[in-house]
Amino acid sequence: MQDIFNPTRVTARVGGKEVIFETGRLANQAHGAVWMQCGGTVVLVTVCSQTLEFDKGFFPLTVEYSEKMYAAGRIPGSFFRREIGRPSERETLVSRLIDRPIRPLFPKGLKEDVQVLASVISADDENDPDVLALTGASAAVMLSPLPFEGPVAGGRIGRVNGQFILNPTHAEMAQSDLNIVFAASADALTMVEGSANFVPEDVIIEALEWGRKEIQPLIQAQLQLRELAGKPKMAYVPHQDNEALIARVRELAEAAGLDASMQVPDKLERKEARKAVKDRIMEALLADDAWADNEDALKEVPDIIAMLEKKAVRARILNEDRRIDGRDTRTVRPIQIQSSVLPRAHGSAIFARGETKALAVTTLGASTDEQRVDSLVGDVTKRFMLHYNFPPFSVGEVKPVRISRREIGHGALAEKALRPILPAEDDFPFTVRVVSETVESNGSSSMAAVCGGCLSLMDAGVPVSAPVAGVAMGLIKEGDKFIVLTDILGDEDALGDMDFKIAGTADGVTAVQMDIKITGLTTEIMGRAMQQAHEARQHILGEMAKVLAGPRSQLSKYAPQHAEIFVNPDIIRLIIGPGGKNIKAITTATGASVDIEDSGRVSIFAPTAESMERAREMIQYYDQRAEVGKNYTAKVRKILEIGAIVEILPNLEALVHVSQLDIGRVERPEDVARLGEDMVVKVIEINGDRIRASRKAVLLEEQGHPWNPEETARPQRSERGGERRGDRGGERRGGGRREHRDRRD
């Protein structure tokens, strides 16, 4: 039995930090397992596989990344107090980050069901576990018997004060204008995803080349770990092509017009043309005695046809500079835009580029509409959300309607692209949600979400700093020759070698995402893609400006109204009331959302201007201050020997001296003042927090005798005697009450 306290360990130093690769302590029954550690952050990554019972038609690789709350010393906030079965949005996004660089490195035709699990079991709130998990996935597969063209390693690049930082801490990322996660092999980049604050393209290329070189110790560490503890690789025999069948299908395809079918510009017509070609080929084979009874061979025909289609399209692009829809390699498809298409939405736009069309809608909400997420670093709030939907009708299919990982990933990318242009919370305190409904799709729908989302924000009147556009770039590479394609179609994505999405303003990049299907991407290819993407982005921004050059000057009349007022912090609990009674009454009566801070800042979001004004009045009712000479309908709260204590405003009391209760002499205050009854009084003096009021002044005014402040500013002789017997009045704040004592001479 292996000594679990003496595992195999390899270390590497990158970005000034030690990264530990360890195997043999945990998960020894997995086919490959590695403990990845940097500082106090630990990720356990495992891989298991089993032989497929039947060919599924695709490589069934499953990657699941999970964050255990105990890793950060936290208890989950869910009702069940455990990590729920459905992964969070972050867990889904990190799972995609791991999947994308390792999937192309498994050999084509591998008949194994493969599962990679990455679990964060310790988190130090300094070193992000996502890039550790990415590198750990490669290391675990390297240790396993599975054939794998690795290793690859992951890293994050930040930039603070012009200096690149590898795997920056959370504190450093708060100051960084770059946040790019990437994966690389020993020779080239294999995956890129990230955001930037208007960073020029050449800086991003420089950052990625720098990062690729910096993580090479992680590549060497995996090779060393494989030598020390790797399992023998399973026997794998690559699929052998049936050359006779390929030759026969090629012959039939030429006769059936396969090449012409791949030149039909319209997507649906091309789909029908391709189907007709496939049907003719299958009919001919079924009528051919040499192949009619060979079921195994007939199963391979669709893949052979797809291979021939791919070769035909790629050859035409490489040799004739002509694409499926007739464009050259740099031209963007025709763009059409409509704004304000939904009558009641706060902002809306339709963005169409070729046969891809997105309906983007912006909704503004109150601060209470922020998304709250339970995470390793605590409760996180988001005031900007972008959700991307891809219903099956957008491609003419019938499928269950579910939120897929792809939809979550595309939405996150578009959100990264638009977040840098949003105004600061202090300047624009609304919660903002953008939804991009993909209503038609033929490639680059995520970048349509960026363009349409930006247009809908401007249509809603959100004061964005600059418009943002995005475009997807493709690649055709044969040997040393390569061609970069601008604004790729769906078929060009499937038949090509790269999908490189780049979004930004006229001045710089705000988001990037790159997936490749070849072993790696050189700096030369990336530079060409960035250059063409910049040209395309300028063109798209110009088309957008023809419809909306900037945000509308005013918010939609259907958007929430917002106002901020400041109240005395002492009366906050009065506004809230016992058990929230008062604040609930305000929100119920007005439909407004009210957010109160301890400083006394009150933020009000209301559906209409009228409800806003009413909510403001109801809140300010609790924060009124008495004015000398003003009449108030007061309620008698206490009767004393010297007079009566009345509440003139919420939580604000005054003394009505016995001499001020009536025009004539009053022997006993209770003859005039009765507990709980209303009394109209005039405030005649405010001395600090003590207030004196007079009912007599009101009665004299009713008889036509104007109130003279000089007559009541100081008490009469008889009143002074009373003054010596008692306090002159008081003010109650925060639910407390000043007690008036009878002080005898």
Side-chain angles (χ1 to χ4, degrees), residues 14-17 38 90 93-94 96-97 100-101 126-135 153-184 188-216 218 377 382 384 386 409 412-422 424 446-447 450 464-466 468-471 473 500-516 521 523 525-527 529-531 533-534 537:
V14 293
K17 303 174 184 177
C38 182
R90 170 176 162 79
L93 294 174
V94 177
R96 283 171 52 84
L97 284 177
R100 284 155 45 199
E126 184 171 316
N127 298 287
D128 204 315
D130 55 0
V131 291
L132 278 180
L134 196 162
T135 304
R156 170 177 276 103
I157 303 172
R159 190 177 75 149
V160 178
N161 298 325
Q163 298 296 315
F164 296 131
I165 302 175
L166 186 66
N167 298 338
T169 64
H170 293 303
E172 289 170 329
M173 280 307 307
Q175 305 174 38
S176 175
D177 62 356
L178 204 60
N179 182 4
I180 295 182
V181 176
F182 70 99
L189 291 163
T190 58
M191 186 276 296
V192 176
E193 170 137 0
S195 58
N197 288 335
F198 320 111
V199 175
E201 285 85 350
D202 57 346
V203 173
I204 291 179
I205 295 173
E206 180 187 355
L208 289 169
E209 183 61 21
W210 174 86
R212 185 190 68 80
K213 294 176 181 177
E214 287 290 309
I215 65 168
Q216 290 307 305
L218 299 177
V377 296
K382 287 177 60 177
F384 174 56
L386 193 148
L413 176 63
E415 185 178 296
K416 290 175 185 175
L418 296 178
R419 187 182 294 115
I421 65 172
L422 292 176
S446 65
M447 295 297 95
V450 172
V464 298
S465 59
V468 167
V471 65
M473 312 300 293
F500 193 2
K501 303 179 180 72
I502 306 167
T505 65
D507 298 325
V509 174
T510 57
V512 294
Q513 184 186 84
M514 183 193 73
D515 295 314
I516 62 171
L521 194 67
T523 304
I525 295 175
M526 183 176 295
M530 285 283 195
Q531 177 191 358
H534 180 81
R537 195 166 73 245

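- Residues Phe164 and Val203 are in side-chain contact: their nearest non-hydrogen atoms beyond the backbone lie under 4.5 Å apart.
- In this structure a side-chain-to-backbone donor-acceptor pair under 3.5 Å is present from Thr190 to Ala183.
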Q | Stepwise side-chain contact (heavy atoms from CB on, under 4.5 Å) check, Met514 with Met473 | A | CA-CA 9 Å; Met514 183 193 73; Met473 312 300 293; over 6 Å; no

Q: Carefully, step by step, assess Leu178 and Ile204 under the rule side-chain contact (heavy atoms from CB on, under 4.5 Å).
A: CA-CA 9 Å; Leu178 204 60; Ile204 291 179; 4.2 Å; yes

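- Distance alone, capped at 3.5 Å, places no donor-acceptor pair between the Ser176 side chain and the Gly158 backbone.
- For the pair Glu193/Lys416, a side-chain contact is recorded, criterion being any heavy-atom separation below 4.5 Å from C-beta on.
- In terms of the side chain to side chain contact (heavy atoms under 4.5 Å, CB included) criterion, residue partners of Glu126 (sequence neighbours excluded) are, by chain and number, Asp124, Thr169.
- Taking CZ from Arg212 and CD from Glu209, the interatomic distance works out to 4.5 Å, rounded to the nearest 0.5 Å.
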Q | Full working for side-chain contact (heavy atoms from CB on, under 4.5 Å) between Lys501 and Ser446 | A | CA-CA 9 Å; Lys501 303 179 180 72; Ser446 65; 3.0 Å; yes

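- The closest donor-acceptor contact from the side chain of Gln175 to the backbone of Val160 lies at 3.5 Å or more, if one exists at all.
- Judged purely by atom type and a 3.5 angstrom limit, Arg100 has no side-chain atom pairing as donor or acceptor with the backbone of Met191.
- The two atoms that bring Asn127 and Cys38 nearest to each other are ND2-O, 3.4 Å, heavy atoms only.
- Note that CH2 of Trp210 is 8.0 Å distant from CD1 of Ile165, once rounded to the nearest 0.5 Å.
- Taking a cutoff of 4.0 Å between a charged side-chain nitrogen and a carboxylate oxygen, Arg96 and Asp130 do not qualify as a salt bridge.
- With rounding to the nearest 0.5 angstrom, the OG atom of Ser465 is 8.0 Å from the CG atom of Leu422.
- Residues Asp128 and Asn167 have side chains not in contact (no heavy-atom distance under 4.5 Å, counting atoms from C-beta outward).
- The backbone N or O of Gly154 lies less than 3.5 Å from a partner atom in the side chain of Thr135, making a donor-acceptor pair.
- In this structure, Val450 and Ala503 approach most closely via the heavy-atom pair CG1-CB, 4.2 Å.
- Put simply, the side chain of Met526 reaches to within 4.5 Å of the side chain of Leu208, judged on heavy atoms.
- Atom-to-atom distance recorded for Ile157:CD1 and Leu166:CG is 7.0 Å, nearest 0.5 angstrom.
- To the nearest 0.5 angstrom, Ile205 atom CD1 is 10.5 Å from Leu189 atom CG.
- At a threshold of 4.5 Å between non-hydrogen side-chain atoms, the residues Phe500 and Asp515 do not count as touching.
- Separating the CE atom in Met530 from the CZ atom in Arg537 is a distance of 9.0 Å, to the nearest 0.5 Å.
- Closest of all the heavy-atom pairs between Leu93 and Gly409 is CD2-CA, 3.6 Å.
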Q: Check the pair Val192 / Gln513 against side-chain contact (heavy atoms from CB on, under 4.5 Å), numbers first and verdict last.
A: CA-CA 5 Å; Val192 176; Gln513 184 186 84; over 6 Å; no

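- Among residue pairs with one or both ends in residues 503-513, none qualify as salt bridge (charged side-chain N to carboxylate O under 4.0 Å, His left out); sequence neighbours excluded.
- Taking every heavy atom of both residues into account, Pro420 and Ala196 meet most closely at CG-O, 3.7 Å.
- Pairing each heavy atom of Thr505 with each of Ala466, the nearest pair is CG2-CB, 4.0 Å.
- Across Ile502 and Ala533, no two heavy atoms sit closer than the pair CD1-CB, 3.5 Å.
- Listed by first and then second residue, the salt bridge (charged side-chain N to carboxylate O under 4.0 Å, His left out) pairs that reach into residues 159-175 are Arg159-Asp177, sequence neighbours excluded.
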